[in-house]
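Only this structure's heavy atoms are used, side chains among them; waters, hydrogens and symmetry mates stay out. Quick note on labels: first sequence line is chain A, next is B, and so on, each numbered from 1.
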Protein chains: 2
Amino acid sequence: MEIRKLKYFITVADEQSFSKAAQILHISQPSLSNAIMKLENDLKMELFKRDTRSIYLTDIGEVFYQRALHIVRQFEHFQLEVAEMAETGDGHINIGIIESAKFWLFKVIKAFKNTYPDIHFQFNEVLGQKEVISSILEGDVHFTITNQPMHNQLITSHPLYHEPFMLAVYETHPLARKTSVELTDIANQAFIISREGFQTRGDVLQAFMKEQLYPKIEYEIERLETACKMVEEGLGVTILPKSYLDYNPTPHIIGLPITSIFLNRTVYLAYLKDRSMTPAIQKLLSKIRQFEVF
Amino acid sequence: MEIRKLKYFITVADEQSFSKAAQILHISQPSLSNAIMKLENDLKMELFKRDTRSIYLTDIGEVFYQRALHIVRQFEHFQLEVAEMAETGDGHINIGIIESAKFWLFKVIKAFKNTYPDIHFQFNEVLGQKEVISSILEGDVHFTITNQPMHNQLITSHPLYHEPFMLAVYETHPLARKTSVELTDIANQAFIISREGFQTRGDVLQAFMKEQLYPKIEYEIERLETACKMVEEGLGVTILPKSYLDYNPTPHIIGLPITSIFLNRTVYLAYLKDRSMTPAIQKLLSKIRQFEVF
DNA sequence: ACCTGCTTATAGTTAAAAGCTATAGATATA
DNA sequence: TATATCTATAGCTTTTAACTATAAGCAGGT
C-alpha cells in the first residue's frame with residue numbers, strides 16, 4: 001500500500017467517478033481503475049461498488065476513506081516540513097566568532113534574517129587556535145570567523161580581509177595629537193593587552209618583538225571592550241584591530257594608524273571541508289564573503 | 001518520496017551501514033545504495049556522508065531521520081488500523097430483528113463476542129414488511145431476522161427454520177390438561193392477539209380464517225411479552241411461536257401444540273444482495289445459519 | 001609494504017509495476 | 001433505437017526496482 005494509491009483512492013471517492021478522477025490525477029482511466037483494483041486486492045477489501053454507470057463507496061470504503069484522508073494529510077504535511085528543512089536544516093546555525101568580528105558580522109546577519117527570519121543563531125566565542133580547530137572538527141560550529149590561519153587538511157579557510165591594528169588612545173592623551181604613531185612611541189606608555197590565550201595578544205607582542213621592543217604592560221584583560229573602557233578612563237593605551245574601532249566607535253577614543261609592517265592581521269572564514277551545508281548556510285557564507293568590511 | 005524509501009533510509013541510519021541494512025531489508029546492497037541515492041536526489045539533500053569504510057548522517061540527515069521515523073510510525077499504525085478494519089469494518093453491526101427471535105439470537109451473539117469482543121451491536125426492532133424492506137434497502141441494517149418472505153430482487157433471503165405456533169395457556173386452565181388442541185378449542189376462549197401491523201397477528205388470523213373460524217379477541221397487544229403476562233394472570237389464551245416459548249419459559253404457562261396445518265411460519269435471514277459484508281459479519285451470518293434453533 | 005577482508009559505488013541486465021491506447025460491454029437519456 | 005457516458009479488459013510500452021558481478025577505497029594484520 002503506497003501513499004500514491006491512497007491519493008488515487010481519495011480522488012475517486014471525492015469525484016465518485018473513475019473517469020473524472022483520472023482527469024484530475026492526469027492519468028488514464030484504465031490506469032486508475034487498475035490501481036484501485038490492486039489496492040482492493042492488497043487490502044482484501046471491496047472499497048467501491050461499481051456498476052457500469054456509477055460507483056459508490058462500500059461501508060468499509062467509507063471508513064477506510066476517513067483513515068486514508070488522515071494519513072495522506074499527515075504525509076503531505078511531512079513533505080512540506082521536509083521541503084522547508086532542505087533549505088534551513090534544523091533551523092540552527094552555529095557560528096564561531098572572534099570578538100572583533102562581531103560588529104560587522106551582525107550587519108550581515110541582519111540582512112540575512114530578511115530572507116530567513118526563523119533561523120536561530122548560536123555564537124561560540126572561541127579563543128585559542130586549538131579551540132577553533134576542535135570546534136570545527138567536532139561540528140560544534142558550522143563555520144568560524146577567526147584571525148588564525150588553519151593548518152589542517154580537513155578545514156577550508158578563506159581569507160576575508162586584511163586589516164591593520166591601530167592604537168587606541170583617549171582624546172586628551174599626548175599621542176592623540178599625532179596623525180600616526182610608531183611602536184617606539186607606544187613602548188613607554190601604560191599598555192593594556194589581552195591575556196595569554198586571548199586574541200590579538202600574540203599579534204601585538206610579536207610586532208613589538210620583531211622591532212626588538214617590549215610594551216609596558218600594566219593591564220591584562222580578556223575582552224577588547226574592557227580595554228576600551230580602560231582607555232576611556234585614561235588608564236593607558238591599547239592596540240586594536242581597525243575593524244573593531246570602525247564598527248564600535250567609542251566617544252573620546254581616538255584610533256591612530258601605526259607605522260609597523262608587522263602590525264596587521266588577516267581574518268578568515270573557516271569551516272570543515274566536506275561538511276554539508278544547507279542552502280541557507282551557503283547563502284550566509286556567500287554574504288559574508290561578499291561583505292566589504294571596509 | 002515513498003514510505004518504502006523512508007523505511008530503507010531509517011534502517012540504514014540505524015545500522016550505520018548499507019550492507020547490514022540491506023540484509024535486514026532482504027534486498028541487495030547495490031539496490032539499497034541506489035534507493036538512498038534516489039531519495040537524496042529527490043529531496044535535494046545529502047543525507048549521509050560516506051567513505052568506503054563507513055557512513056554517518058549529515059546534520060540535515062539527522063533532522064530528516066526524526067521526521068521520517070515519525071511519519072513511518074504513523075503509517076504503520078494506519079496499516080494496523082486498516083488490517084483490523086478489514087475484519088470488523090467500523091466496529092458496528094446493525095441487526096433488524098423480530099421480537100420472537102431475540103432469545104435464540106442472543107445466544108449466537110454471545111458466542112460471537114468471544115471472537116470479536118469489541119464489536120458494537122445495534123438492534124432495530126422492525127415490525128411491518130414495508131419497514132423490513134426499507135431498512136434493508138437503505139442500509140440501516142446489515143441484515144434482518146424476519147418471519148416475512150422478501151419479494152424483492154435486491155434482497156437475498158435465506159430460510160433459517162420452520163416452526164409451529166403453540167397455544168399458551170395458564171397451568172390451571174381447562175385446556176392445559178390436553179396434550180394438543182385444535183383451533184375450534186381456541187375459538188371460544190378469551191383470546192389475546194397482536195395489534196394490527198405487529199408480527200404474528202397475520203399468521204394467526206389467517207389460520208383461523210382458513211378453517212372458517214374466528215377467535216374471540218378480547219385483548220390486542222404489541223409485544224408478545226405482554227401477552228404472556230396476561231396469560232399468566234389468567235386473562236385469556238394466546239398463540240405464540242414455538243421458539244418464543246422454548247427460549248422464554250414462563251412459570252405457570254403451558255405451551256400446547258395445535259393441530260392445524262396452517263399455523264406455522266418460516267423465519268428468514270434477509271440482507272441486501274450485493275451489500276459488502278466484513279469478515280466479522282460474514283462469520284456472524286454463518287453462525288446464525290448454523291445455529292439449531294430447536 | 002603488501003595482502004586480506006570489509007564496505008560502498010558503478011555497470012549492465014532482468015523483472016515487476018505503472019502507465020498508455022484501443023475497445024468491449026453496460027445502461028441511462030434523448 | 002441510437003447516442004453518450006462510464007467502467008473493465010486486453011495488449012503493449014515505459015519506468016522503476018530489483019539483481020549479479022565487479023571496481024575501488026581503506027583499515028588491520030602479516
Query raised in the report: Of all heavy-atom pairs between B:His142 and B:His92, which one has the smallest distance, and what is that distance?
Result: CE1-O, 3.4 Å

Query raised in the report: Is it true that B:Glu40 and B:Arg50 make a salt bridge, defined as a side-chain N closer than 4.0 Å to a carboxylate O?
Result: yes

Report task. Measure the distance from CG on A:Asn41 to C1' on D:dA8 and round it to the nearest whole Å. Result -> 14 Å

Query raised in the report: CD1 of B:Ile55 versus C1' of D:dC26: gap in Å, rounded?
Result: 16 Å

Query raised in the report: Taking atom C1' of C:dA26 as reference, at what distance in whole Å does atom CZ of A:Phe18 sit?
Result: 15 Å

Query - Result of checking B:Ile98, B:Ile95, B:Ile97 against B:Glu125 for side-chain contact (heavy atoms from CB on, under 4.5 Å) - result: B:Ile97

Query raised in the report: Could you run down nucleotides 11-21 of chain C 5' to 3' and tag each one B, S or - for protein heavy-atom contact under 4.0 Å?
Result: -------SSBB

**Report entry** Separation of D:dA8 C1' from A:Phe48 CZ (nearest whole Å)
**Finding:** 15 Å

Query - Atom of B:Ala86, atom of A:Leu43 and distance for their closest heavy-atom approach - result: CB-O, 4.2 Å

Query raised in the report: Less than 4.0 Å between a side-chain N and a carboxylate O, is that true for B:Glu163 and B:Arg265?
Result: yes

Query raised in the report: How close or far is atom C1' of D:dA8 from atom NZ of A:Lys49, stated in whole angstroms?
Result: 16 Å

**Report entry** Nearest-nucleotide comparison on DNA chain C, the residue closer to the 5′ end among B:Met37 and B:Lys20
**Finding:** B:Lys20

Query - Global bending angle along the helix from C:dA1-D:dT30 to C:dA30-D:dT1, which compares the axes of five pairs at either end, to 10 degrees - result: 10°

Report task. Using the ring of B:Phe75 (Phe, Tyr or Trp, six-membered ring only), decide whether B:Arg73 places NZ or CZ under 6.0 Å from its centre and within 45 degrees of its axis. Result -> no

Query raised in the report: Under 4.0 Å between a side-chain N or O of A:Ser33 and OP1 or OP2 of D:dT7?
Result: no

Requested in this report: Quick one: closest heavy-atom pair of B:Ala13 and B:Leu57, and the distance?
Outcome: CB-CD1, 4.0 Å

Query raised in the report: Over how many whole Å does the gap from B:Leu39 atom CG to D:dA17 atom C1' extend?
Result: 14 Å

Query raised in the report: What nucleotide, of D:dT9, C:dA9, D:dT7, holds the atom closest to the side chain of A:Arg50?
Result: D:dT7

Report task. Rounded off to whole Å, could you give me the CD-to-P distance for the A:Glu40 and D:dT7 pair? Result -> 13 Å

Requested in this report: Please name the pair of heavy atoms, one in A:Thr200 and one in A:Asn147, separated by the smallest distance, quoted to 0.1 Å.
Outcome: N-ND2, 4.4 Å

Query raised in the report: More than 12 foreign heavy atoms under 6.0 Å from CZ of B:Arg201: is that the case here?
Result: yes

